[in-house]
Amino acid sequence: MSLLKVAHLHKAFGGVKALDDVSFDLPAGQLLALIGPNGAGKSTCFNIINGQLRPDGGAVLLDGEDIAGLGARRIWRRGVGRTFQVSAAFHSMTVLENVQAALLSHRRKLAQLWRPAARYFRDEAMQLLEQVGMAQQAQRACGVLAYGDIKRVELAMALSNAPRLLLMDEPTAGMAARERNEMMALTHRLVSERGISVLFTEHSMDVVFTYADRIIVLARGQLIADGDAQAVRANERVRDVYFGSGSTFGGSAA
């Protein structure tokens with residue numbers, strides 16, 4: 001049984017169909033890439049799964065429960081983590097304090113944030129930072145970190161609710177090639193160790209084709225391809241949508 005099943009999603013904004021009967025599933029322990037050109041409907045699909053948008057029709061089943069329209073906080077509490085393309089860390093707080101704040105949110109203790117955060121969940125926060133390779137920088141302010149390191153902190157924060165499903169929005173955006181590979185290798189390891197399902201959007205085709213177990217492609221709100229890297233590379237409709245008829249995928253960002 002799939003952990004996540006998206007069934008016949010529809011969403012329109014005015015007369016524009018952002019999603020038009022989109023269906024796919026995501027088994028446990030799989031790294032699934034969601035790609036497509038600008039305006040394909042990727043963000044709309046992501047935001048419906050995450051609870052930031054309500055669909056006009058269809059279902060989002062998490063372990064058989066329809067979570068469509070529940071709202072982001074209720075979905076977070078059901079074990080769905082998320083990282084964002086734009087940094088969501090508090091830059092004036094330390095690395096450790098950011099992860100502690102995420103743990104406080106998950107444990108429903110936000111009312112205690114006015115007290116010093118250092119007294120809460122320190123050991124658990126350090127364990128998460130160890131997993132993402134940031135334990136040595138726990139006392140540094142996020143505002144002085146390199147961009148790739150901030151992304152690692154955000155990953156630790158996203159893992160604070162022990163997610164079954166992790167949504168990653170452009171996890172390597174703005175990174176150099178080495179940083180991209182390190183981030184996705186780390187994500188792949190965590191998927192294997194924790195059995196997490198990961199759905200990620202990404203514009204860097206080298207990342208997609210190297211690390212995704214499976215790839216789904218959206219274009220103008222419709223799902224046009226679903227398969228492994230080889231099948232998607234060979235798909236004529238995908239090549240046409242991205243680059244024009246007869247083009248092939250390369251390693252550069254799309």
Side-chain angles (χ1 to χ4, degrees), residues 1-13 16-36 40-85 88 102 105-108 155 157-171 187-188 190-202 208 211-229 231-232 238:
M1 179 178 176
S2 297
L3 174 67
L4 176 70
K5 185 175 179 63
V6 172
H8 306 293
L9 278 190
H10 291 267
K11 183 66 179 179
F13 298 97
V16 178
K17 291 183 177 180
L19 294 177
D20 186 7
D21 197 27
V22 170
S23 298
F24 62 89
D25 66 344
L26 175 54
Q30 188 175 87
L31 203 61
L32 175 62
L34 171 60
I35 68 172
K42 303 186 300 295
S43 294
T44 300
C45 185
F46 229 60
N47 289 333
I48 288 174
I49 295 170
N50 188 55
Q52 293 180 307
L53 287 175
R54 287 180 174 269
D56 297 331
V60 178
L61 303 176
L62 182 69
D63 250 353
E65 179 192 5
D66 191 356
I67 61 172
L70 285 184
R73 182 169 294 277
R74 293 175 67 186
I75 291 175
W76 157 267
R77 299 205 186 283
R78 282 165 169 76
V80 179
R82 180 168 182 178
T83 66
F84 295 85
Q85 181 178 356
S105 175
H106 177 53
R107 305 296 171 80
R108 306 190 183 199
L155 179 56
M157 294 167 67
L159 294 172
S160 66
N161 68 332
R164 296 175 290 165
L165 171 64
L166 181 59
L167 307 174
M168 302 182 74
D169 188 4
E170 299 280 350
T187 303
H188 196 275
L190 291 172
V191 167
S192 177
E193 291 176 354
R194 289 170 166 250
I196 301 172
S197 299
V198 175
L199 176 66
F200 72 101
T201 64
E202 184 57 64
V208 171
Y211 292 100
D213 297 313
R214 190 168 123 243
I215 303 165
I216 54 178
V217 186
L218 290 179
R220 296 185 178 180
Q222 295 184 329
L223 186 70
I224 64 169
D226 183 340
D228 62 17
V232 170
V238 173

Notebook entry, point to check: Rounded to the nearest 0.5 Å, how far apart are SG of Cys45 and CD1 of Ile216?
Noted result: 6.5 Å
Next item on the list: Answer yes or no: is there a donor N or O on one side and an acceptor on the other, between the side chain of Asp25 and the main chain of Leu4, under 3.5 Å?
Entry: no
Notebook entry, point to check: Are Leu166 and Val191 side-chain neighbours, meaning at least one heavy-atom pair lies under 4.5 Å?
Noted result: no
Check: Is any side-chain N of the basic residue among Lys17 and Asp56 closer than 4.0 Å to the acidic one's carboxylate O?
Finding: no
Next item on the list: Would you give the length of the straight line joining atom CG of Leu70 to atom CZ of Arg78, rounded to the nearest 0.5 angstrom?
Entry: 5.0 Å
Margin query: With a 4.5 Å cut-off on side-chain heavy atoms, are Arg164 and Val80 touching?
Written below: no
Check: Does atom CZ of Arg214 have more than 12 heavy-atom neighbours from other groups under 6.0 Å away?
Finding: yes
Checklist line | Interatomic distance, Asp228 atom CG to Ile215 atom CD1 [nearest 0.5 angstrom] | finding: 7.5 Å
Margin query: Any side-chain to backbone donor/acceptor pair from Asp213 onto Leu31? Under 3.5 Å, distance only.
Written below: yes
Notebook entry, point to check: Between Arg82 and Asn47, do the side chains contain an N or O donor and an N or O acceptor separated by less than 3.5 Å?
Noted result: yes
Note to self: Would the distance check show the side chain of Ser197 and the main-chain N or O of Leu165 forming a donor-acceptor pair, the cut-off being under 3.5 Å?
What the structure shows: no
Note to self: Please determine whether side chain to side chain contact (heavy atoms under 4.5 Å, CB included) holds for the pair Phe200 and Thr187, giving the CA-CA distance in whole Å, both sets of side-chain angles, and the decisive distance to 0.1 Å.
What the structure shows: CA-CA 11 Å; Phe200 72 101; Thr187 303; over 6 Å; no
Checklist line | Rounded distance [0.5 Å steps], CZ in Arg220 versus CG in Leu19 | finding: 15.0 Å
Next item on the list: Can you see which heavy atom on Thr83 is nearest to which on Ala158, and at what distance?
Entry: CG2-CB, 3.7 Å
Note to self: Please evaluate residues Gln30 and Leu3 with respect to the criterion side chain to side chain contact (heavy atoms under 4.5 Å, CB included), reporting the C-alpha separation (whole Å), side-chain torsions for both, the decisive distance (0.1 Å), and the verdict.
What the structure shows: CA-CA 10 Å; Gln30 188 175 87; Leu3 174 67; over 6 Å; no
Notebook entry, point to check: Looking only at heavy atoms, what is the nearest atom pair of Phe13 and Thr44, with distance?
Noted result: CE1-OG1, 3.8 Å
Check: Say you draw a straight line from CG of Leu26 to CG of Leu61; how long is it, rounded to the nearest 0.5 Å?
Finding: 12.5 Å
Notebook entry, point to check: Looking only at heavy atoms, which two atoms of Ala225 and Val238 are closest? And how far apart?
Noted result: CB-CG2, 3.5 Å
Next item on the list: Take Leu9 and Asp21, measure what side chain to side chain contact (heavy atoms under 4.5 Å, CB included) needs, and give me the verdict at the end.
Entry: CA-CA 5 Å; Leu9 278 190; Asp21 197 27; over 6 Å; no
Margin query: I want to check something: taking the side chain as every heavy atom from C-beta on, are Ser160 and Trp76 in contact at a cut-off of under 4.5 Å?
Written below: yes
Check: Can you name the closest pair of heavy atoms from Ala33 and Val208 and give their distance?
Finding: CB-CG1, 3.9 Å
Checklist line | Contact summary for Ser23 and Leu223, nearest pair of heavy atoms | finding: O-CD2, 3.1 Å
Note to self: Using every non-hydrogen atom in the two residues, find where Pro171 and Thr201 come nearest and quote the distance to one decimal.
What the structure shows: CD-O, 3.2 Å
Check: Glu193 and Leu190: side chain to side chain contact (heavy atoms under 4.5 Å, CB included), yes or no, with the steps?
Finding: CA-CA 5 Å; Glu193 291 176 354; Leu190 291 172; 4.3 Å; yes
Next item on the list: Return yes if some donor-acceptor pair links the side-chain N/O of Lys42 with the main-chain N/O of Leu34 below 3.5 Å, else return no.
Entry: no
Item checked: Any donor-acceptor pair under 3.5 Å from Asn50 side chain to Gln52 backbone -> no
Note to self: Using a 3.5 Å distance criterion without hydrogens, assess whether the side chain of Lys11 forms a donor-acceptor pair with backbone atoms of Arg54.
What the structure shows: yes
